[in-house]
Engineer: 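Before we start, here is the structure in question, set down as structure tokens.
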There are 2 protein chains.
Amino acid sequence: MEFGKNELSERKKLILKAIVEAHIKLGEPVGSKYLMQEADIPYSSATIRNEMAELEELGYLEQPHTSAGRIPSELGYRFYVDTLVYQYDMSTKEAGELEKLLSVKKNEIDKILEKATQVASAITNYTALSLKHRPSAITIRKYETVYLDSFNFIIVMIASLHDSVKTRNIKLPFAVSSEMIGKLSKVLNDNLSGVSIEQINISIIMKMESELTECPELISIVVKNIYEAMNELGSEIKFEGVNRLLQYPEYSDLDKLQKMISTIEEKSDIIRAISTIDQSDDDTKIFIGSENMVKIMDDSTLIYKNLKLNGKTIGAIGIIGPCRMDYSKVLATIDKLSYEISQLSDIGQLPEALDIDLKIDGEE
Amino acid sequence: MEFGKNELSERKKLILKAIVEAHIKLGEPVGSKYLMQEADIPYSSATIRNEMAELEELGYLEQPHTSAGRIPSELGYRFYVDTLVYQYDMSTKEAGELEKLLSVKKNEIDKILEKATQVASAITNYTALSLKHRPSAITIRKYETVYLDSFNFIIVMIASLHDSVKTRNIKLPFAVSSEMIGKLSKVLNDNLSGVSIEQINISIIMKMESELTECPELISIVVKNIYEAMNELGSEIKFEGVNRLLQYPEYSDLDKLQKMISTIEEKSDIIRAISTIDQSDDDTKIFIGSENMVKIMDDSTLIYKNLKLNGKTIGAIGIIGPCRMDYSKVLATIDKLSYEISQLSDIGQLPEALDIDLKIDGEE
DNA sequence: TTTAGCACTCTTTTTGGTCGATTGCTAATC
DNA sequence: GATTAGCAATCGACCAAAAAGAGTGCTAAA
């Protein structure tokens, strides 16, 4: 062989690429005859067979059994993806779905992510996921309190990140006055604005207790709630189109499917796996088969990309499906989507807000 | 036959009950021999066969094919459920899960419902659902505004029903002052407190516009957002444990399963069906097979019960599974759960709030 | 009225064999 | 030396026939 161990001949590349694409399209092992006749490989089936045998030896292909054709190995998919210059033309319908995304009326991250997963799943026909970012990035920019009665009040927290809002209803074991709750909000704003979750420590808490001399007990109750809220504001993973998994024969094994759906419903495994990915990384990440850190997903592919808004990473979006995945389409969708979202902030909800009429019942 | 058409002999009842229970346990048609040997029916298989033939004639049993045993028909299940005095002893583990439910720290309906579905699904091992109530019942008891900058503010709405809170970030196409936003909150509280979604009409809107003379454009923008928020506050359906469906051979037909999961993900069909159920009804409702209003669920059973808190219906909880369902267990769980929730308000989060320490990092 | 027994029916499992697809190898050809 | 044609070998998919198994309905006896 005149090539180094990492270098495939052009003909091998051509054949490997054709095999991957044929397998993505058909979902079945690909044979030499098919490649010659249908995939326009300009060699005889025998030549192709020889090449396939070598590609198998090199680890790019696998043979389910002797009399079947070949399917790409993980290495084969990896090679294909790495050399893929993805060129996928969105149909007008698909472009339209992306348009709709732009019409999200809300400027909250949650809404953007939710819409984005819906669109991603609908366009690609795979299961989509979105991830909101880790709590360490979260700080509360403003606290507001709402007095309900002497035992109940609400605390409204506005996160530094794109004005996400979280509220907590707090029920007290003792009575407080409306003024006290008002003062509480000042103490919180003075001491906990812009403070991240790790920075909340006992000294800050004691300082606040000393500032709220009339009722220091309030502080510990409130701080606990704020802590929880910051956690909830911080990270969240959501899935859309889980049912689409069922379309693919790869998941027709009920036992596997059950495990897969459990894993998705359970979420924690996937969160853990994804959390290891660099938040600041701009590239689209592709995990094929066992490259995935979740065991159950070891014959699935996860494609994943961070989303930025106003230059900051607000979360991520991903697609889960069989290794045999329409990579071009998925990559194009993910990229387009993340680009559109990055552009979103300039437009905001301005046009929507201008377009208000009084016929409110015309909604939904 | 010495009995009226609606009256089964005791022996028939015994046999029918044994058949239903055996089928629930095994998931397969039950034969006369099994009933005699394993289910302790004190008659010979021939006698049992005769009774089974009559029960089939009466419509309580069905025979998938000649040489199979019998399975209960919908009527059979209905009979079983109607005569069922459900006596199900919760194991300590299950009771423990219910205990945990009590430890929900929050007093918001959403949290209670979420936890309740989780517990219900875990204990029964079927898919659980919860429903939050229809928007017509929702009014906003208090409005609060939070000024962010001259183009952005947040509106916080506290619903009359158990202080659920909803916030909306509003981005304006024109600048406003902090004072203006403060005044807006007064106008909203004066005019829209305690007003239900149907009662918002043009005359109220115009009245508010006249009261906010400095900037009447604000009103229509805000009202639209309030309208949307009230809708979102109003009703919501959630599912838990969808993957549990896969355990049951009834759903091993992939096509059916796909439709079922789609229906669940899609939600709207189920909401529509459930919406027809009387909100004030205290009984546990059981829809067996074609009694269900959702086509795709016509060989599933839906068990459903309204949840009350402080005497008011706050939502409902349900279980979805195959007709062959462990009715005793499910009914006991649903009833216990709804009872526990109805007791919840007295306890509230008081003990939790009292039990606060400063070691915040011990969480999760 | 109940039960034992048996023929009958229908599904499930097993078996055996054919068919078709694909490969690897060898020999011929370019 | 590279490519190709041809062919035997392999193995799963498919099908039909046979066997096994489960359960019933019916009849006759207890």
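Here is how names work: the chains are called A, B, and so on, in the same order as the sequence lines, proteins then strands, and each is numbered from 1.
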Engineer: Between B:Ile15 (CD1) and D:dT24 (P), how many Å, whole number?
Structural biologist: 11 Å
Engineer: Could you tell me how far apart A:Lys12 (NZ) and D:dA2 (P) are, to the nearest whole angstrom?
Structural biologist: 11 Å
Engineer: Can you tell me how far C1' of D:dT24 sits from CE of B:Met36, to the nearest Å?
Structural biologist: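 Whole-Å distance recorded here is 14 Å.
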Engineer: Need to verify one output field. Residue with the more 5' nearest nucleotide on DNA chain C, B:Arg11 or B:His65?
Structural biologist: B:Arg11
Engineer: Can you list every pair that meets ring pair (Phe, Tyr, Trp, His ring centres under 6.0 Å) and has a residue in residues 251-274 of chain A, with sequence neighbours left out?
Structural biologist: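 For residues 251-274 of chain A: none.
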Engineer: Angle class for the A:Tyr248/A:Tyr126 ring planes (parallel below 30°, perpendicular above 60°, tilted otherwise)?
Structural biologist: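 A:Tyr248 vs A:Tyr126 ring planes: parallel.
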Engineer: Using atom CD1 of B:Ile19 as one end and atom C1' of D:dT24 as the other, report the distance to the nearest whole Å.
Structural biologist: 13 Å
Engineer: Could you tell me how far apart B:Leu61 (CG) and D:dT24 (P) are, to the nearest whole angstrom?
Structural biologist: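 Value for this atom pair: 10 Å.
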Engineer: By side-chain contact (heavy atoms from CB on, under 4.5 Å), which residues pair with A:Lys295, not counting sequence neighbours?
Structural biologist: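 Listed in chain order: A:Asp269.
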Engineer: What is the distance from CD1 of B:Ile71 to P of D:dA22, rounded to the nearest Å?
Structural biologist: 19 Å
Engineer: Excluding sequence neighbours, so at least two apart, what forms side-chain contact (heavy atoms from CB on, under 4.5 Å) with A:Glu62?
Structural biologist: A:Ile71, A:Ser73
Engineer: Taking only residues two or more places apart in sequence or in another chain, which ones pass side-chain contact (heavy atoms from CB on, under 4.5 Å) with A:Asp82?
Structural biologist: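 A:Asp82 satisfies side-chain contact (heavy atoms from CB on, under 4.5 Å) with A:Arg78 once adjacent residues are dropped.
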Engineer: What residues, two or more places apart in sequence or in another chain, satisfy salt bridge (Lys or Arg N to Asp or Glu O under 4.0 Å) together with A:Lys256?
Structural biologist: A:Asp299
Engineer: Quick one: B:Glu38 CD to D:dA22 C1', roughly how many Å, whole number?
Structural biologist: 15 Å
Engineer: Just the rounded figure in Å: distance from P of C:dT2 to CD of B:Glu51.
Structural biologist: 8 Å
Engineer: What string of B, S and - do you get for nucleotides 13-30 of chain C, 5' to 3', when a contact is any protein heavy atom under 4.0 Å?
Structural biologist: --------BSBB------
